[in-house]
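The next block holds one structure in the form of structure tokens; read it before the comments.
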Amino acid sequence: MQQREEKQLEAAVDSLISRVAHLKNALHSFIYKLENEFERLEWPSVLDNFALVSGQLNTINKLLRNEKTPSFRNQVIIPLELSPDRDDELAKLTEQRVPVFSHEIVPDHLRTKPDPEVEEQEKQLNAEAARIGPEVAQKQIQTLNKLCSNLLEKLNNPRDDRDPESAAMRQNKPSFNPTDTMALVGAVVFGKGLSKCRAPGPVAPGQGPTLQQVTIGGAPGQPGGKIPSSIKTNIKSASMHPYNR
């Protein structure tokens, strides 16, 4: 009886090692694609790799839950020898991941439960998930799907469709302020807003000319309504002067 149970356990372990090896190869291939082929990797290919890994994990779970598979929970692994020296055979079996089997490594590799911090975080997540009702969860799912749909629509919208709109907006946007322009014209032509200066007189040596407020084309104390044509001509000729270009 005991010999038959040992054979069943050995066969189950061999089958489990084979399934885990397939899973390891799939993960290795997927990680290699993510690290070296990410520029040409498309989303359907990523989903296929996820589906492959998920299918292999389900196969392992079915193997462990099979009635013919002995319960591994009843099997206890006890380290018979611990050494800080390098073990070449152990390194070969573990693909150079575990070169020594010492007191420092054993608690991590023979652990049957997650770390206490991980267990606490898992309990908090489960409690938070239990507090959220089905209706609230469905609303959150719908909101997330809506945000993702809007984001995908913006990303799929060609940039060429947006560039003409932005260019038209830039062309229609005024590049000057009409109020400031009229205030500047009134100050230059009619002296509007300028402070009064002293009356013209002889200029002392070493001093430049001074400004004087003048009134053109209107009654005393009132600025003219229109810019005289002679002033327009002078402004145009001054702007065309070589020193003003």
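More than 12 heavy atoms of other shown residues, nucleotides or ligands fall within 6.0 angstrom of atom CD in Glu37. Remark: Gln8 CD is packed, more than 12 non-hydrogen atoms of other residues, nucleotides or ligands lying under 6.0 Å away. Annotation: Arg65, atom CZ; neighbour count of heavy atoms from other residues, nucleotides and ligands within 6.0 Å does not exceed 12. Residue Glu119 qualifies as enclosed at atom CD: its count of foreign heavy atoms under 6.0 Å is above 12.
We find the CD-CG distance between Gln121 and Asn126 to be 12.0 Å, quoted to the nearest 0.5 Å. To the nearest 0.5 Å, atoms CG (Asn36) and CD1 (Ile31) are separated by 11.5 Å. Expressed to the nearest 0.5 Å, how far CG of Asp14 lies from CG of Leu9 amounts to 9.5 Å. Between the CG atom in Leu23 and the CG atom in Leu57 there is a gap of 5.0 Å [rounded to 0.5 Å]. Distance CD/Glu120 to CG/Leu125: 10.5 Å, rounded to 0.5 Å. To the nearest 0.5 Å, the span separating OG1 on Thr143 from CD on Gln138 amounts to 10.0 Å.
Cluster annotation: Phe30 is connected to Trp43 through the hydrophobic network of ILVMFWY side chains, with a link wherever side-chain heavy atoms come within less than 4.5 Å. Residues Val98 and Leu110 share a single hydrophobic cluster, defined by chaining ILVMFWY side chains whose heavy atoms lie under 4.5 Å apart. Residues Val53 and Val20 share a hydrophobic cluster, clusters being chains of Ile/Leu/Val/Met/Phe/Trp/Tyr side chains in contact below 4.5 Å. Both Leu27 and Leu16 are assigned to one and the same hydrophobic cluster, defined by single-linkage of ILVMFWY side chains at heavy-atom distances under 4.5 Å. Linking Ile, Leu, Val, Met, Phe, Trp and Tyr residues whenever their side-chain heavy atoms come within less than 4.5 Å leaves Ile132 and Leu144 in two separate clusters.
Considering all non-hydrogen atoms of both residues, Pro99 and Gln96 come closest at CD-O, 4.5 Å. Residues Glu81 and Phe101 share a closest heavy-atom pair of O-CD2, 3.7 Å. Among all heavy-atom pairs drawn from Ser102 and Leu82, the shortest one is O-CD2, 4.3 Å. Taking all atoms of both residues into account, the shortest heavy-atom contact from Ile105 to Val100 is CD1-O, 3.3 Å.
Judged by distance alone, the side chain of Ser45 and the main-chain N or O of Leu41 form no donor-acceptor pair under 3.5 Å. A donor-acceptor contact shorter than 3.5 Å is absent between the side chain of Asn66 and the backbone of Lys62. Between the side chain of Ser149 and the main chain of Asn145, a donor-acceptor pair closer than 3.5 Å is present.
Side-chain atoms of Ile60 and Gln56, non-hydrogen and from C-beta on, never get closer than 4.5 Å to each other. Taking 4.5 Å as the limit, every side-chain heavy atom of Thr59 sits out of range of all side-chain heavy atoms of Leu63.
Phe72 meets the ring-ring contact (aromatic ring centres under 6.0 Å, His included) test with no other residue; sequence neighbours excluded.
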